[in-house]
Each structure stands twice: as structure tokens, then as C-alpha cells.
Visitor: 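One structure coming up, written as C-alpha cells, with questions to follow.
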Amino acid sequence: MDGTAHRLPAADDDPGEVLVDWYATAARDLPWRRPGVDPWGVLVSEVMLQQTPVVRVEPVWRQWMARWPTPAALAAVSPAELIRAWGKLGYPRRALRLREAAVALVERHGGVVPPDVTALEALPGVGTYTARAVACFGHGQPQPVVDTNVRRVVARLVHGRAEAAPARSADLADVAALAPTDPARAVRFAIAVMELGALVCVARTPRCGACPVRNACAWRQAGCPAADGPPRRVQKFAGTDRQVRGRLLDVLRAAEGPVAAVQLDQAWPDAVQRSRCLDSLLVDGLVEQTGDRRFRLPA
DNA sequence: GAGCCGTGGTC
DNA sequence: TGACCAAGGCT
């Protein structure tokens, strides 16, 4: 007697197993999911995808992988070139951190992306989520992977709540409890939960009619109650330092060489705020000052 | 741990 | 139209 015959009936109503099968038919064809993409390609994609939509990442990821297919290749590139190649993905500090990570990979890991979560988390710009995503999707390890999609799916499916609670340490255990025991299926499960959150169990208007695990969903069984917690407020953007920094960087990205301070004046009318933001860009290493008091992307 | 760090699309 | 949202990380 092998155990297979006893596992099969359970799989029909085991949400973890159902999601793996659903993913096989519903998954998007994204370039970083294709066969042959190595852990480096996965790492680059995960950093680019931090807070940035898939559609904007796709073309940039293709360019980066064509130009810098290894950590060593990226480690040799100047910050200025990377900031320009980052384009309008946003949060350009990620480009600098990815370069720092590449340098660390060359210096500490022989130029390869390590498989263990602890070593990955030690890399600049790699936190709890990204480290597990790379270990799981890049190295095939059955790690629990928790992002905002997964927290939302678990909140509804398991806890019967409309919205994801703030990240907490128990999230990893919640997801691990849903995962199939077979390691290969556990790996696909990790990406399947994220895909469900991205395509079906979305934040604003969930498509419950298309959900493969709707019959097991605690939120649906509870009648889809509205969110009860305090309304989380979204960050402003217009008029903030983030917008001003973006404007300043825009000027420097477009310029051929160093630009005088007077050229940066046109980026934002408020001199005090403009100066503060330029200083913060210098501190962050996104801008450098030349000897003749002009400014440029760091060489 | 709350606030900061870009950008653009959607409803 | 403006709030909301998008595969987080860092301080």
C-alpha cells in the first residue's frame, strides 16, 4: 500500500492542493518564471517588483538580464548607469542596493546567489519576503513566502477577515500550515497563493466567482463582512519630498553631464524643500557633487 | 513601529 | 478627481 491512494481524496478539498492545480491552468506567463531563469534573475525580478506593478517591471527586467546576466556583471556597472537603466520604476534606491548586493555576492559568495534564507537576508535590499522568494522560486526550496497578496488571501481564506492585518511573525506559520507536504508542490503552492491574490483575491473587488477555493473561504462563509479595523491611511505623494526627489533625479537622468544648481531650480519652486531633497539624495548616494559645485548621478 | 522612500494606472 | 493600490525594506 502506498500513501497516494489515501492522499488523493483529501486533495479535492485541501485548499493548498487545489491552489497548486489552479496555478497550473491560470498562471501568467511572466519572463522570470520561465525555465532557465537562474536565482540571480529571480532576485533581480523580486527587487524590481517591490511595490511596483508587473507590467512596468517586465521590459526593464528583460533589459537588465540581457545586459547584466550575472552578479559580477552588475557589480561592475556605475551607479549612474544603473539609475538611468532603472528608468521610472520608482524607489531608485533599490537600484543602488541591487548593485551593493551584487558586490556582496561577488565578494562573499563566489558570484552566485546563495540558497539559504539567512545569507540572502544579509544582502542589501533583501528582507524577509525577498529572501524567501529567492530561496523558493530561485532555488526550489519549499519556503513559506509572505507578501501583501498572501497576507490578504490568508486573512480571508483562513481568518474570515476582509483585509490583511499588518505583517506579523505568525504569517509564516499560517502559510506553512496551508502548504502541501510534497516539496515540489509546496514550491508551486507558494507562488500559487501570490498569484491568487494578484488575479482573483484582489484588494478592491475580489472576483470570488472565479476563485478555486471559494468553498473553503472563511470570509465568504461569514458573509464577506466589511473590514472592521481602523482605516489605514495612504501616503500622500503630491508636494512631498518623494515627489521633489523624483523631479530632481529626472533632471539629472536627462542631463548628459553635470548640471549647475540653477538648472535644478526649475525642478521645484520651493527652495527650502528643494535644497533639503537634494541633500537627502546626496546622503543616499543617488546624486554626487562635483568639485565645481555642480551635480550629477554618481559615477 | 510608524513613517519614509517613486511612479503611474484604476475606478 | 482624488483616494487607493502595486511581489517591501529600512530606520
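Every chain is numbered from 1 and lettered A, B, ... according to where its sequence line falls, protein lines coming before strand lines.
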Visitor: Chain A on DNA chain B: first and last contacting nucleotide, 5' to 3', under 4.0 Å to a heavy atom?
Guide: B:dG3 to B:dT10

Visitor: Among residues at least two apart in sequence or on other chains, which ones pass salt bridge (charged side-chain N to carboxylate O under 4.0 Å, His left out) with A:Arg28?
Guide: A:Glu195

Visitor: Among residues 194-206 of chain A, which residues get a heavy atom nearer than 4.0 Å to DNA chain C?
Guide: A:Met194, A:Ala198, A:Ala203, A:Arg204

Visitor: Residues in salt bridge (charged side-chain N to carboxylate O under 4.0 Å, His left out) with A:Glu288, at least two apart?
Guide: A:Arg296

Visitor: Which pairs pass ring pair (Phe, Tyr, Trp, His ring centres under 6.0 Å) with one or both residues in residues 89-129 of chain A, sequence neighbours excluded?
Guide: none

Visitor: For DNA chain B, determine which residues of residues 138-162 of chain A have any heavy atom closer than 4.0 angstrom to one of its atoms, and list them numerically.
Guide: none

Visitor: Which residues pass the salt bridge (charged side-chain N to carboxylate O under 4.0 Å, His left out) test with A:Asp270, not counting sequence neighbours?
Guide: none

Visitor: Among residues 255-265 of chain A, which residues get a heavy atom nearer than 4.0 Å to DNA chain C?
Guide: none

Visitor: I need the residues from residues 88-101 of chain A with at least one non-hydrogen atom less than 4.0 Å from DNA chain B; give them sorted by number, or say none.
Guide: A:Lys88, A:Leu89, A:Gly90, A:Tyr91, A:Pro92, A:Arg93

Visitor: Taking 5' to 3' order, which nucleotide of DNA chain C is first and which is last to have an atom within less than 4.0 Å of a heavy atom in chain A?
Guide: C:dA3 to C:dC10

Visitor: In residues 44-71 of chain A, what residues come within less than 4.0 Å of DNA chain B, judged by heavy atoms?
Guide: A:Gln51, A:Thr52, A:Arg56

Visitor: Near DNA chain B, counting only heavy atoms under 4.0 Å, which residues of residues 237-253 of chain A show up?
Guide: A:Phe237, A:Asp241, A:Arg242, A:Arg245, A:Gly246, A:Arg253

